[in-house]
Amino acid sequence: VQQCSTAVSLTMRPLTEEETKTLFIKLSEYIGKSIEKLINRSDERHCFRMIKDRVYYISESLMKASTSIRRDDLLHVGVCFGKFTKSGKFRLHITSLEYLSDFAKYKVWVKPSSEMSWLYGNHITKSGLARMTESTPQYAGVIVYNMANIAMGFGVAAQSTEQCQQLDPSGNVVLHQSDIGEYLRGIEDDMV
Amino acid sequence: DEKEKEPSKGPLFSDENSKWLKPKTEKKKKAQLMSSDEEGDDDEDDEMDEEELEVERQSRLVDEEIRLEQEEAQEEMRRTIAQETSIYHLPTEEELDLEANRVVPPSEIRDRVESVLGVLADFKNRREEGRSRTEYTDLLVSDLSELYGYLPELMEYFLSMFGPNETLEFVDASDRPRPLVVRTNTLKTRRKDLASSLMKRGVSLDPLAPWSKVGLKIVESPVPVGATPEYLSGHYMLQSAASMCPVLALSPEPKEKILDMSAAPGGKTSYICQLMRNTGVVIANDLKAERQKATVANMHRLGVKNCITCKHDGRQLGVKYPNSFDRILLDAPCSGLGVISRDPSVKVQRTILDVQKCAHLQKELLLAAIDALNHKSKKSGGIMVYSTCSVSVFENEEVINYALQKRDIKLVDTGLDFGKPGFTRYQNKRFHPSVALTRRFYPHVHNMDGFYVAKIEKISDRKPEDTIEQPEGKDDDDDDEEEKTPVSKKKQERGKAGKKGKKKTARRALPDKAEEPAQKKAKKDHISVPPSAQQQGKTKKKRINAKVTMPRRRKVPVD
């Protein structure tokens, strides 16, 4: 699948079956079954398109407008969700945070004292944990919020909720994957 | 008390006490007057003589002091008057050469600048005999360039645009920073919520200005404003006040198709998107892909969903996408003469040649933008805004004037009443009167970056080469368009023989001013001057009586 797509990889194209499956599996770790809500929205139908290994989430009207732009000159459309690695895995970027947090299943709130630590890319320890959704399974995708309910990033639950309650203060609760501090830490180089 | 005199006594006393009552002597009267309203007048009777002398002496001393003071005051007044009315001696070439050997302290140069400004304020009376005005202005230019660190040709250019006093104010203001301003991202929050959350972090802020509903001015901040969690989650964007104006002038509506031709790093683009509430389509274009990375990052951070980023050369957009956009914003790349406070290297790095090169590029971009506008759009009828962050006439009024000649467009009101109107004439050049609708912003007047905003409406696709009109005695046409008296012959000749012919005037297809009235009917190409241009009357100053010297085209019906 990857080999035959290299020839057309520069243009904006819909995702293949395989790619769509990989993407949806990844998304469901964070938002569960709400994926269809992403596609069938009340205001307008949206779709995923791919430009050079990056996946973009755009409305139909935006897609029509962008087809007239030459592929060499097109840099980005709508919202970038992430990119496919060379080995076919999909990696979510911080830019998808808004949609992830809209439909998030498992949430974690961080204390103000550990807020900056998270924004520097560190994991959240038990001492920095303020609140956590009930019955989060281990290694589930979680969205991280601060006490003002601003989404700060996303990660993976190191332990399930029950086990987290028994952790000592220095133990990791959330393993860092992506945080909004990346906007200052050189994400621009990664933006195409 | 027995001895108290009666207030209403005559020389003789009429009552029974007349035997022992004696009228007051002169000396006593004097003593009483001197010793104000003290009690115990009686006690002083005995020592009357001594007190008088003492008091007299004291009063004499006081009188003398007063007199001395008055004399000194008079003397000083005479001195200052002499100073004011004395003629300032302008150093000659030789005297200046002598100066070249020693290091002149800035205070001395500043004094000289003040004196020259004083002379120029009332030149007729305060000039030195035999010295021309140019000598004064040349000295002013070289002094100011030295004081503030500019290239002399730049300083001369500013002097030609602003008067002497305003030039000083401008360069002074350009040395000081403008206040830090942020723009609330209304896609994610409201201004008062943002203000309260920033204040919780210790930032002291104020609303920016009455004309802005989203601006906040940061007075002081203990935390870095560009790194708060609110910034990172896209609640606001660091943007200068001047940069908000072109977008306000453009006034985008939801569900339109808009192009931002020179978008990086995306401040204005994101403002457009927030005004459109994430509907419609916004295309953010910039020549350099490197700079577009910042645009893409900002769009994502601020939660903009309707943006497409690309990297075309703006000059080709008129050819690639003709008649495609409802609105266009062209924030043209410029010399940056208005943002010297941000980047002082502009003072020595930009030459007039650089400025003219920028102007050339801007003209090409503007024509391309006009071609890409869709004048038949049902939503807005083809509106675009041209803006620069420069105060030079080359890049502002001249570019607009050029476009008025080359395309079928008209200028409309920007809606920014707090700016200064654009120049309709500069040195020997005359611009279309509607150029007065454009707006200039200055650091020394508005406390904003030096900026220029022009709002243009496209009327049709017609270009000058298309029209082959015959002069059909269209006097009524010209009559509606001009309310001004024709320029006198003398003025035209003086204009023609005027100073350094700029490169641009040669390139532009402008007829000579002296031949203008004769050719007016013969040459009917170029700009249409729609009736709305007549509204210029209320914005114009009375003394502008220059006739529009652009060749004009017969009005064509709008499709």
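Values below: all heavy atoms of this structure, side chains included; hydrogens, waters and symmetry mates excluded. All chains are named by letter (A, B, ...) in the order of the sequence lines, taking the proteins before the strands, and each is independently numbered beginning at 1.
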> Under a 4.5 Å cut-off applied to non-hydrogen side-chain atoms, are R301(B) and T95(A) in contact?
Replying inline: no

>> If I measure from the heavy atoms of chain B, does S59(A) come under 4.5 Å with its side chain, its backbone, both, or neither?
In response: neither

>> Set out, in order, the CA-CA distance, both residues' side-chain angles and the distance that settles side chain to side chain contact (heavy atoms under 4.5 Å, CB included) for I150(A) and E230(B), then state yes or no.
In response: CA-CA 8 Å; I150(A) 301 178; E230(B) 283 79 22; 4.1 Å; yes

>> Quick check on I69(A) against chain B: is it the side chain, the backbone, both or neither that has a heavy atom closer than 4.5 Å?
In response: both

> Can you tell which of S68(A), S61(A), A151(A), A148(A) has the highest number of heavy-atom pairs within less than 4.5 Å of chain B?
Replying inline: S68(A)

> Quick one: of G280(B), G303(B), P229(B), who has the most non-hydrogen atom pairs under 4.5 Å with chain A?
Replying inline: P229(B)

>> Within this structure, what is the CG-CG distance for the pair L232(B) and L184(A), rounded to the nearest 0.5 Å?
In response: 5.0 Å

>> How about CZ on R185(A), more than 12 heavy atoms from neighbouring residues, nucleotides or ligands closer than 6.0 Å, or not?
In response: yes

> Should the heavy atoms of other residues, nucleotides or ligands under 6.0 Å from CD of E44(A) be counted, would the total exceed 12?
Replying inline: yes

> Could you state the interatomic distance from CD1 (I283(B)) to CG (L74(A)), rounded to the nearest 0.5 Å?
Replying inline: 9.0 Å

> Around atom CZ of R91(A), are there more than 12 heavy atoms of other residues, nucleotides or ligands at under 6.0 Å?
Replying inline: no

> Within the side chain of K305(B), is there an N or O that forms a donor-acceptor pair under 3.5 Å with the backbone of Y57(A)?
Replying inline: no

>> Nearest 0.5 angstrom please: M299(B) CE to C80(A) SG, how far?
In response: 14.5 Å

> Going from NE2 on H312(B) to CG on L75(A), what distance comes out if it is rounded to the nearest 0.5 angstrom?
Replying inline: 9.5 Å

> Is chain B contacted by the side chain of L62(A), its backbone, both, or neither, given a heavy-atom distance below 4.5 Å?
Replying inline: both

>> Quick test of your reading of the model: are E115(A) and R201(B) salt-bridged, counting only N-O distances below 4.0 Å?
In response: yes

> With only heavy atoms counted, which part of V282(B) is less than 4.5 Å from chain A, the side chain, the backbone, both or neither?
Replying inline: neither

> What residues form a salt bridge (charged side-chain N to carboxylate O under 4.0 Å, His left out) with E253(B), not counting sequence neighbours?
Replying inline: none

> Between H93(A) and H300(B), is the gap from one ring center to the other below 6.0 Å?
Replying inline: no

> So which of G226(B), S324(B), C310(B), G234(B) has the biggest tally of heavy-atom pairs under 4.5 Å with chain A?
Replying inline: C310(B)

> In Å and rounded to the nearest 0.5 Å, what is the CD to NE2 distance from Q292(B) to H76(A)?
Replying inline: 9.5 Å

>> Counting heavy-atom pairs under 4.5 Å with chain A, which one of C307(B), A284(B), S197(B) comes out on top?
In response: C307(B)

> What's the spacing between S233(B) OG and Y183(A) OH if we round to 0.5 Å?
Replying inline: 9.5 Å

